[in-house]
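In what follows, a single structure is set out as structure tokens and then discussed.
All values below come from the heavy atoms of this structure, side chains included, with hydrogens, waters and symmetry mates left out. Proteins get letters first, then strands, A, B, ... in listed order; numbering begins at 1 in each. Keep in mind the model is a prediction, meaning the values are calculated, not measured.
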Amino acid sequence: MEGDISDMNRPQMYLFGCTLKSDKREYKVDVDDDETEQQLSLKAACLGAEAEDKFHTVELEALTYDGKATKVPLVVLKPSVLPSMSLGGFEITPPVTFRLLSGSGPIHISGQHFVSVRDSDNGE
Amino acid sequence: MEGDISDMNRPQMYLFGCTLKSDKREYKVDVDDDETEQQLSLKAACLGAEAEDKFHTVELEALTYDGKATKVPLVVLKPSVLPSMSLGGFEITPPVTFRLLSGSGPIHISGQHFVSVRDSDNGE
Amino acid sequence: MEGDISDMNRPQMYLFGCTLKSDKREYKVDVDDDETEQQLSLKAACLGAEAEDKFHTVELEALTYDGKATKVPLVVLKPSVLPSMSLGGFEITPPVTFRLLSGSGPIHISGQHFVSVRDSDNGE
Amino acid sequence: MEGDISDMNRPQMYLFGCTLKSDKREYKVDVDDDETEQQLSLKAACLGAEAEDKFHTVELEALTYDGKATKVPLVVLKPSVLPSMSLGGFEITPPVTFRLLSGSGPIHISGQHFVSVRDSDNGE
Amino acid sequence: MEGDISDMNRPQMYLFGCTLKSDKREYKVDVDDDETEQQLSLKAACLGAEAEDKFHTVELEALTYDGKATKVPLVVLKPSVLPSMSLGGFEITPPVTFRLLSGSGPIHISGQHFVSVRDSDNGE
């Protein structure tokens, strides 16, 4: 019976949100210290209702599997064409930088933030 | 054989729904008591068929991993451009507030609601 | 090696589909009996190619976690704006009713249907 | 440590793709033999760049949980409105038929294909 | 208690990104050697803000379950209609080739990249 109950127990889901605009074109999620492990799961991007009717491009910068930093445009939104988009759970490990490549925003990125104490002394 | 059957057993999925409009711009999902754990998985947002042809912005307010409340616009819809959007399963732990930032609605948020009795005396 | 093989074994996935239109505005998925457990995972909604260029709203009615029936609009489609939408796997336990609130359809909802014999005599 | 490594081991993911057009309006994924189990996870649909500016409707035919064949339109695309759509991982067990109901295509369905040797002599 | 903590431990998620354009219409993700296993999970596609207002088609080439290479168009984007699309986690095992079939780009594909040392001498 307890088994059934714990299937329903789910980890605490924290909100992640950042806003990019002309005077703050970059947002970095850094690793605070060696004791915690973080992960982002990006869920949605949307423009502010006041954004200009231009293409707004958000670039993601993070590490590739061979340890190099890479940059790739993630989403392009335009108020009159596509003002919001689901990101479907794009999981990425910080350090991560979000950068507004075109448009003056605001554009908002939201998602979940997982943080855990590093399992360093777990004897398994 | 029982193993196969229980793979098919899935937890009860409860419906979550809320509606934001000009005379009810905010909807809060609170934690009732300490005995239950809740989680929302947001699945879709859509405008009412009668909504004005303006940008409708819904903001999400919830806790970040360091225990602070944060606000981030989640979705922007407009009848003639994007009347509905999948939210792809945005999981968030209450307390959560949905707030209509622009437009007069109605705009509807739907999803799943997980509720469990807290596993406090689970000796594992 | 068997472990690898069984990772690949996946449960049978049954198709769920329903169509709402002016002379059949409601579709109910009921629970047949106490012996089976059912779950729907809604995947997509689309208009018929012959649908009028109006907003078509589909409402979902199901149970909330506190045992009450609730209704929430799930998706709004319009041929010239958004003729189809992914529902991203909206999981819901019957009894569930789909209802066409606006427009005359046809509008189609598709997804997966999970059915299992209730695990009532599982001694675990 | 091995535990961490095997968490990263993932099954081989095979590509599934089919194209529907005026002279090939149907595509069937059949079950080859009794020795293999198959499953499709449909991920995206898109029109060919040369498709006419009409509504293109793709119907899915597969089995319902009570063993009957059912048909449901899955997606409607039109070049000037919605030329592509994510299907979000629509999992379905063959036999499955994709059928072009309206428009002359080409329209492409892509996804993942899982195939395994049936675990018939697995003593568990 | 350790169980709860390790539930929160998640594997490192590496960023995958590639850009297709008129002078680089193809991008191949190859298998480096026999010692590593790779998998891509494609998450989003978007046009560059400077892309021409034409249909941009990206084709995916990879292996089918019977070991043959197959090609299928994955996504069609056009700046004035659909400048970005979620790919919802399209998982595919390299070797994979992305090819720009129509339009001159740039068009960007982003996702996650899983790499692991092959578990060849794992005695299980």
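Counting heavy-atom pairs closer than 4.5 Å to chain C, the top-ranked of the candidates D:Ile92, D:Val96, D:Leu87, D:Leu40 is D:Ile92.
To the nearest 0.5 angstrom, D:Arg25 atom CZ is 8.0 Å from D:Ser102 atom OG. Interatomic distance, C:Ser104 OG to C:Lys21 NZ, rounded to the nearest 0.5 Å: 11.5 Å. For the atom pair C:His113 NE2 and C:Leu42 CG, the distance stands at 10.5 Å (nearest 0.5 Å). Expressed to the nearest 0.5 Å, how far CD of D:Gln39 lies from CE of C:Met13 amounts to 4.5 Å. In this structure, CD1 in C:Ile107 is found 7.0 Å from CG in C:Leu20, a value given to the nearest 0.5 Å.
Of residues 75-85 of chain C, those residues lying under 4.5 Å from chain D by any heavy-atom pair are C:Pro79, C:Ser80, C:Val81, C:Leu82, C:Pro83, C:Ser84, C:Met85. Using a 4.5 Å cut-off between non-hydrogen atoms, the part of residues 47-70 of chain C that approaches chain D consists of C:Leu47, C:Ala49.
Centroid-to-centroid, the aromatic rings of C:Phe98 and C:Phe90 stay 6.0 Å apart or farther.
Proximity of a side-chain donor or acceptor of D:Gln38 to a complementary backbone N or O of D:Asp30 within less than 3.5 Å is detected.
More than 12 heavy-atom neighbours from other residues, nucleotides or ligands sit within 6.0 angstrom of NZ on C:Lys24.
Residues C:Pro106 and C:Thr19 come closest through the heavy atom pair CB-CG2, 3.9 Å. Here the closest heavy-atom approach between residue C:Tyr27 and residue C:Gly17 is recorded as OH-O, 4.2 Å.
Interface remark: C:Ile109 contributes backbone atoms only to the contact with chain D (heavy atom separation under 4.5 Å).
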